[in-house]
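Since this is a predicted model, take the numbers as computed values, not measurements.
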There are 2 protein chains.
Amino acid sequence: MATRDTGTEQLIKDTAKQIFFAEGRFNATTQDIADAAGVARTVINYYFRSKDILFQQVFKEAMADTGTKMNEVLGSDMPFKKKVIAFIDMFTAELTMYPYKESFLISEINAHGFSLPTKDSPPGMQQFLEEVKQAADNGEIKKVSPINFMINMLSLVAYPLLTRRLFERMLELDDTNFEKLMQERKKMIIDILFS
Amino acid sequence: MATRDTGTEQLIKDTAKQIFFAEGRFNATTQDIADAAGVARTVINYYFRSKDILFQQVFKEAMADTGTKMNEVLGSDMPFKKKVIAFIDMFTAELTMYPYKESFLISEINAHGFSLPTKDSPPGMQQFLEEVKQAADNGEIKKVSPINFMINMLSLVAYPLLTRRLFERMLELDDTNFEKLMQERKKMIIDILFS
DNA sequence: TATTTGCCTGACACAAATGTCAAACGTTTT
DNA sequence: AAAACGTTTGACATTTGTGTCAGGCAAATA
């Protein structure tokens, strides 16, 4: 049917991602999304047939996107430590832009039972876990199981960004101080991982 | 009005907590909650007047509950390392029971602008941060800012439990193996914090 | 036993959200 | 210019979720 491509379909998906992943408004209605995108609500039905299908597409793309980004870094041929730093930078940027992405994905899994399309864990991940093992044998890092190393790396970066709002309140930090704290943390995380 | 206390009010709140915090079904309807509790939907209106008020009460209690539990451990007079271990145990148990609690609280803040009641951070927290500073001066732990120590402790415990579903898929773990991994992690986390 | 009182129920009314459709609009094609 | 086509729109219908109410029930009280 030879699309004329007004960019509207993509605009709707991007707007939805903004609302779900950046603003964390998980119960946004199709009207909310349409308003934010500046289009009539029925356009959503025209392009996606139903709200559910829009959600599924956004979900699927988000998963694939995360997978690709991770794979690119973890599967690259950088030296180990450099790779870890690159990953932390990438992951920090990702979570700063879309702090609620993971929470949204998890909540959609619970709400609609969306199954994760990942056939098997991405190849880059396997390669990286192998490299962690080597680094542990080398003595470049402390002896930990590769999986735990991976989890530590993810946790130390992601958690404070995921729970940013709570931290800001609990610790009485404003946005500037929080950003500063996150920058400090990057170095500290490397220290911990390579101690 | 001299309540006769059939336990129904509490049952509804407990059921809501189960659905929100344990099952992660953030868009559950009042009907869902009523069904799970085995009562008619209108009973919810009888006890709470509206869905919003029920949500707010659950939210408020959850926040208070978390605050109390943290305060009890962090404000106790245990020796430092013992206190850290006790905290990790408590926090692990809490997150195993209610993995989606934090996510729910954050999502409600975004959706309904629920304000956090704790104006100032609880006293136990302040005391603990002070003790971290001392431990850093003692050399009992590495030199890190108390806030970062706190964040590290929380992150290493919470993140894998929050994102359990994603991890299980990505790393191809079943429930048993995941639990085992979490037990291993407890010791490892202590190692990291006290290295 | 009769009455009060708190608790619970189902039917109904209302509100909010989603989906459908015919028609209008502006490009592109003929 | 006319026709064809993809896109957009607003009115309408449907579905889903929430709140209200009168009345029924059982335990407590008199």
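- Of the side-chain N and O atoms in B:T29, none sit less than 4.0 angstrom from OP1 or OP2 of D:dG17.
- Taking the six-membered ring where the residue is Trp, the centroids of B:F21 and B:F104 are separated by under 6.0 Å.
- Ion pairing between a basic and an acidic side chain is recognised when a charged N comes within 4.0 Å of a carboxylate O; B:K180 and B:D175 show no such pairing.
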Using atom types as modelled, flag every donor-acceptor pair under 3.5 Å from a side chain in residues 87-96 of chain A to any protein atom, sequence neighbours excluded.
from, atom 1, to, atom 2, distance (Å)
A:D89, OD1, A:K186, NZ, 2.9
A:T92, OG1, A:I88, O, 2.7
A:E94, OE1, A:K69, NZ, 2.9
A:E94, OE2, A:K101, NZ, 2.9
A:T96, OG1, A:T92, O, 2.7

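- For B:N27 and C:dA16, the CG to C1' distance is 15 Å, given to the nearest whole Å.
- Side chains of B:D14 and B:Q18: no donor on one and acceptor on the other come within 3.5 Å.
- Spacing between atom CG of A:D52 and atom P of D:dT15 amounts to 16 Å, rounded to whole angstrom units.
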- prompt: With the sugar-phosphate defined as primed atoms, P, OP1 and OP2, and the base as all remaining atoms, what B/S/- string results for nucleotides 8-15 of chain C, 5' to 3', for protein heavy atoms under 4.0 Å?
  reply: SBBB----

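- Between B:F48 atom CZ and D:dT20 atom P the separation is 15 Å, expressed in whole Å.
- B:R25 places its CZ atom 12 Å from the P atom of D:dG17, with the value rounded to the nearest Å.
- Aromatic rings of A:F55 and A:F20 (six-membered ring for Trp) have centroids within the 6.0 Å cut-off, being under it.
- Straight-line distance from the CG atom of B:N45 to the P atom of D:dG17: 15 Å, rounded to whole Å.
- Using a cut-off of 4.0 Å between Lys/Arg side-chain N and Asp/Glu carboxylate O, A:K13 and A:E61 are scored as salt-bridged.
- Atom C1' of nucleotide D:dT20 and atom CD1 of B:I44 are separated by 15 Å, given to the nearest angstrom.
- Summarising the geometry, the separation between CG on A:L11 and C1' on D:dT8 is reported as 14 Å, rounded to the nearest angstrom.
- The interatomic distance linking A:I53 (CD1) with C:dT18 (C1') rounds to 13 Å, in whole Å.
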